[in-house]
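For reference, the structure discussed in these notes is given below.
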Amino acid sequence: MSEWSEVGLSEEEYRRVTGILGRRPNSLELGLFGVMWSEHCSYKNSRPLLRRLPTAGDRVVQGPGENAGAVRVDDRHVIVFKVESHNHPSAVEPYQGAATGVGGILRDIFTMGARPIAILDSLRFGEPDHPRVRHLLAGVVAGIGGYGNSMGVPTVGGETYFEAPYGENPLVNAMCVGIADGAELARGLAGGVGNPVLVVGARTGRDGIHGASFASEQLSIHSEERRPSVQVGDPFREKVLLEATLELLQTGTVVGIQDLGAAGLTSSSCETASRAGTGIELDVLQVPRREQGMTPYEVMLSESQERMLVILQAGHEAEARRIFAKWDLEAATIGRVTGDGILRIREGERIVAEVPARALAHDAPTYEREGREPAHLREARAFDPAVLPVPADLGEVLRRLLASPNLASKEWVYRQYDHMVRLNTVIFPGADAAVLRLWGTRRGIALAIDGNGRHGHLDPRTGGAAAVAEAARNVACVGAEPVAVTNCLNFGNPEKPEIYWQLSEAVDGLAEACRALETPVTGGNVSLYNEYEGTAIYPTPVVGMVGILEDVERRCTPGFKAPGDLVALLGETGPELGGSEYLKVIHGRVAGRLPPLDLRRERAVQEVCWRGIREGLVRAAHDCSDGGLAVALCEMAFAAEGQAAGCRIVLDAPLLSAAGRLDAALFAESYSRIVVEVAPENLPALRKLAAGHGAPLRVLGEVGGDRVVLHAAGHPGALVDLGTAELRRTWREAIPCLME
């Protein structure tokens with residue numbers, strides 16, 4: 001193996017390095033380029049595509065390029081948020097992989113000077129019968145809970161899905177949200193020639209070396225050998241690091257600060273210098289270590305957790321050491337800012353590496369590859385679900401769907417997370433979106449994270465747009481106006497034309513939806529090479545959405561509220577079974593065309609929903625998506641206040657005609673639909689609001705009883721007539737049974 005391929009570079013990239021340096025790099029310099037030019041750090045295959053995303057908006061305070069994005073709530077408060085992946089580490093060491101994923105995203109938030117207030121996660125595993133699913137699911141959930149709970153940051157929402165392509169390559173995406181004073185946001189800049197550079201927090205060890213490179217490889221049967229590349233987390237040390245960092249930032253002496261995440265000291269030093277147009281000189285002998293005999297290579301590439309790089313105003317080192325000592329942490333001066341643009345690494349008096357900081361951080365080559373639509377899509381899209389028979393027992397179909405792990409209650413997952421710590425959470429996990437109060441104001445913050453890999457597989461452009469639409473719709477369902485997005489793009493090997501096409505199409509879909517819904521992208525993460533033995537995961541764009549409630553007391557939950565209230569549907573149902581859970585579970589097919597997504601209608605439906613909640617017209621609301629209308633109605637019944645409630649629904653002739661067949665009317669996953677509960681006296685006002693926005697509104701039935709009863713106009717008897725308690729038991733027990 002050549003010296004460049006050992007660090008993940010191509011021969012052409014190696015030649016580019018020698019051209020930059022004007023000489024051959026030594027082993028340390030080559031290692032620096034290897035990690036910084038990896039896909040994980042450089043985004044060399046995705047950067048040209050990401051430029052298509054809208055990133056500006058009236059509320060945007062910080063867009064892509066910093067540790068996290070930020071949007072303004074009011075004249076004082078700023079929401080700081082970001083989502084990142086820890087997929088490969090979680091595949092080989094699920095507990096630490098997930099735990100350190102949470103630790104890393106937390107540091108991205110408090111590095112900006114924001115106090116973290118919430119964690120959300122998006123998880124995907126193989127089918128329930130896969131031999132590793134229970135091991136991976138148990139380890140990942142324990143890792144998320146173990147780190148977040150110990151940090152005192154609530155995990156308030158998320159999603160968990162099971163699909164065959166994630167069997168050996170699970171997805172573990174973690175989102176963190178914090179609150180900061182907008183005037184005091186910190187940034188990652190190595191400014192001021194002569195200013196001291198400190199490393200603070202934990203000592204440096206050998207764990208996580210080449211973690212960034214590992215994240216930029218395909219998984220294989222040999223991936224277990226990369227277990228040493230997985231970092232080891234200590235949430236209790238991170239908790240005191242958080243407090244010490246926020247205290248130091250309050251002194252006003254911090255010029256720049258950055259998390260030591262992927263690529264450790266290498267990335268933090270060259271990125272802060274490159275942003276500021278400066279250089280940094282470091283002495284690795286001054287870096288506190290927890291292991292003997294570490295080489296400069298190991299020190300610079302270690303990804304030991306719970307560490308920060310801090311650039312201070314000269315003369316304030318003693319104050320920083322005092323603050324960190326109070327929290328039983330170290331703060332060591334390891335270098336200084338220079339004016340020559342060079343990252344210079346010393347081992348005492350000996351220079352061991354000299355590399356232009358910008359060349360490492362921002363001048364990696366980028367690739368605009370040729371994409372090609374996968375051949376399987378033509379056959380998949382050609383499949384017409386109309387050739388399938390409509391099952392005779394639609395009640396049994398509903399039972400089976402509610403028992404599907406993709407639709408079943410995820411209580412087994414979120415009950416392991418502390419979602420009440422700090423007492424901000426006012427809508428808990430299990431609802432469409434989480435809501436937290438913003439102390440000192442009447443406002444609230446709504447948070448959701450969504451994606452659908454199966455939809456991305458069948459149509460990546462529509463799947464990308466639909467991820468944005470669903471995340472925004474979920475935020476609207478609790479009464480919040482969607483305002484901004486962070487995303488995590490999980491794909492296979494972009495060097496394959498089919499995968500690059502998927503990535504390009506998905507980005508276009510994301511961009512289109514974000515523009516239409518006016519929810520700019522403030523940052524995120526790209527995770528490529530998610531493959532096992534050459535087989536890729538479903539293309540899975542995951543979207544984290546932030547929304548704002550002007551009055552948190554006007555929040556809305558999905559459960560039915562009062563017998564006699566009307567149940568109505570915002571939006572329309574079409575003959576759209578392609579890509580649905582029904583088609584997969586009942587007919588064993590992942591095929592068909594996805595529903596069309598009309599983004600103007602999507603925005604209208606969402607706005608009617610959140611405005612209707614704000615005006616007191618809507619008592620309950622729930623996104624109608626996975627599983628279709630019948631499942632959404634059941635979920636509203638299960639979430640009823642006090643105890644499970646029932647409903648009596650009649651699908652009228654126009655709805656049936658639009659759906660085309662009974663199973664589509666009940667289980668189609670048409671986009672842009674929300675089921676709402678409205679008091680009879682408020683129906684005229686809600687109709688007027690819907691008409692003013694051009695959003696279809698249809699009354700379906702009413703709340704009442706203890707059964708879910710679904711009729712269809714012109715059909716004798718009930719299509720479904722089942723006890724709510726029985727259905728709820730089926731829905732709640734599916735995941736616990738899987739884990740037993």
Side-chain angles (χ1 to χ4, degrees), residues 393-404 406-409 430-432 470 473-474 477 556-574 576-577 580-582 585 605 609 618-652 655-656 658-659 662-678 696-713 715 718-732:
D393 189 344
L394 293 172
E396 179 59 24
V397 170
L398 181 57
R399 279 198 194 94
R400 288 179 62 187
L401 286 176
L402 292 171
S404 164
N406 286 337
L407 301 182
S409 169
D432 292 77
E470 184 174 358
R473 199 182 315 129
N474 281 327
C477 283
C556 186
T557 55
F560 288 140
K561 302 296 188 297
D565 273 359
L566 301 176
V567 180
L569 178 65
L570 279 166
E572 291 187 337
T573 302
E576 296 151 354
L577 291 170
S580 64
E581 188 73 7
Y582 162 77
V585 171
V605 165
C609 183
V618 173
R619 281 187 171 169
H622 186 35
D623 171 32
C624 184
S625 56
D626 298 343
L629 177 61
V631 169
L633 290 166
C634 287
E635 290 170 341
M636 293 189 78
F638 302 157
E641 294 184 354
Q643 59 183 3
C647 60
R648 297 186 66 85
I649 302 298
V650 177
L651 307 178
D652 62 21
L655 188 152
L656 293 172
L662 289 176
D663 52 356
L666 294 178
F667 308 119
E669 297 180 6
S670 304
Y671 299 126
S672 313
R673 295 183 301 164
I674 298 173
V675 179
V676 297
E677 177 184 354
V678 56
L697 178 68
R698 169 176 280 106
V699 174
L700 300 175
E702 65 178 31
V703 178
D706 59 1
R707 302 180 72 77
V708 174
V709 183
L710 308 178
H711 289 271
H715 291 263
L719 304 178
V720 174
D721 185 352
L722 296 167
T724 304
E726 172 198 352
L727 291 175
R728 189 170 186 262
R729 189 161 49 248
T730 297
W731 176 74
R732 289 191 67 188

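Since the structure is predicted, the reported quantities are computational estimates derived from the model, not experimental observations.
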- Shortest non-hydrogen separation from Phe667 to Ser580 and the atoms involved: O-CB, 4.3 Å
- Item | salt bridge (charged side-chain N to carboxylate O under 4.0 Å, His left out) partners for Arg648, two or more places apart | none
- Does any N or O in the side chain of Thr730 come within less than 3.5 Å of the main-chain N or O of Glu726, such that one atom is a donor and the other an acceptor? yes
- Message: Nearest 0.5 angstrom please: Leu719 CG to Asp393 CG, how far?
- Response: 10.5 Å
- Point-to-point distance, once rounded to the nearest 0.5 Å, from CG of Leu566 to CD of Glu677: 9.0 Å
- Message: Quick check: closest heavy atoms across Ala568 and Leu697, and the distance to 0.1 Å?
- Response: CB-CD1, 3.8 Å
- Query: Can you tell me if Arg673 uses its side chain to pair, donor with acceptor, with the backbone of Thr573 under 3.5 Å?
  - Reply: no
- Query: Salt bridge check: are Arg399 and Glu396 linked by an N-O gap of less than 4.0 Å?
  - Reply: yes
- Query: So do the side chains of Ile674 and Arg473 get within less than 4.5 Å of each other, counting heavy atoms only?
  - Reply: yes
- Message: Looking only at side-chain N and O atoms, does Glu576 offer a donor or acceptor that is under 3.5 Å from a partner on Ser670?
- Response: yes
- Item | Residue list, side chain to side chain donor-acceptor pair (under 3.5 Å) with Ser672, at least two apart or on another chain | Glu602
- Heavy-atom donor-acceptor pair, Arg698 side chain to Leu569 backbone, under 3.5 Å: no
- What residues form a salt bridge (charged side-chain N to carboxylate O under 4.0 Å, His left out) with Glu572, not counting sequence neighbours? Arg601
- For residues Phe560 and Val567, determine if any side-chain heavy atom of one lies less than 4.5 Å from a side-chain heavy atom of the other. yes
- Message: Would Asp663 and Val397 count as a side-chain contact (heavy atoms from CB on, under 4.5 Å) here? Give the steps.
- Response: CA-CA 9 Å; Asp663 52 356; Val397 170; over 6 Å; no
- Closest heavy-atom pair and its distance - Val618, Cys556: O-SG, 4.4 Å
- Item | Sidechain-backbone polar pair: Glu669 side chain, Gly627 backbone, donor-acceptor under 3.5 Å | yes
- Message: Main chain of Asp623, side chain of Asp432: is a donor-acceptor contact present, judged purely on distance under 3.5 Å?
- Response: yes
- Note on the structure: Across all chains, not counting sequence neighbours, the side chain to side chain donor-acceptor pair (under 3.5 Å) partners of Glu635 are His622
- Message: Once salt bridge (charged side-chain N to carboxylate O under 4.0 Å, His left out) is applied, do any residues pair with Asp721, and if so which ones, sequence neighbours excluded?
- Response: Arg707
- Task: Quick one: closest heavy-atom pair of Leu407 and Glu581, and the distance?
- Result: CD1-CG, 3.7 Å
- Kindly determine whether Leu655 and Leu700 satisfy side-chain contact (heavy atoms from CB on, under 4.5 Å), including the steps that lead there. CA-CA 10 Å; Leu655 188 152; Leu700 300 175; 3.9 Å; yes
- Task: List for me each residue that meets salt bridge (charged side-chain N to carboxylate O under 4.0 Å, His left out) alongside Asp626, sequence neighbours excluded, and say none if there are none.
- Result: none
- Task: Flag the pair Leu666 / Leu651 as yes when at least one side-chain heavy-atom distance between them is below 4.5 Å, and no otherwise.
- Result: yes
- Message: To the closest 0.5 Å, what do you measure between NE2 (His715) and CG (Leu662)?
- Response: 4.0 Å
- Message: Could you report the tightest heavy-atom contact between Cys609 and Ala621, atom names first, then the distance?
- Response: SG-CB, 3.8 Å
- Item | Distance, nearest 0.5 Å, that separates OG1 of Thr557 from CE of Met636 | 8.5 Å
- Distance-minimising heavy-atom pair for Leu577 and Ala664: CD2-CA, 3.8 Å
- Note on the structure: Separation between CG (Leu727) and CG (Leu633), nearest 0.5 Å, reads 11.5 Å
- Mind checking the CG-CG spacing from Leu710 to Leu394? Nearest 0.5 Å is all I need. 9.0 Å
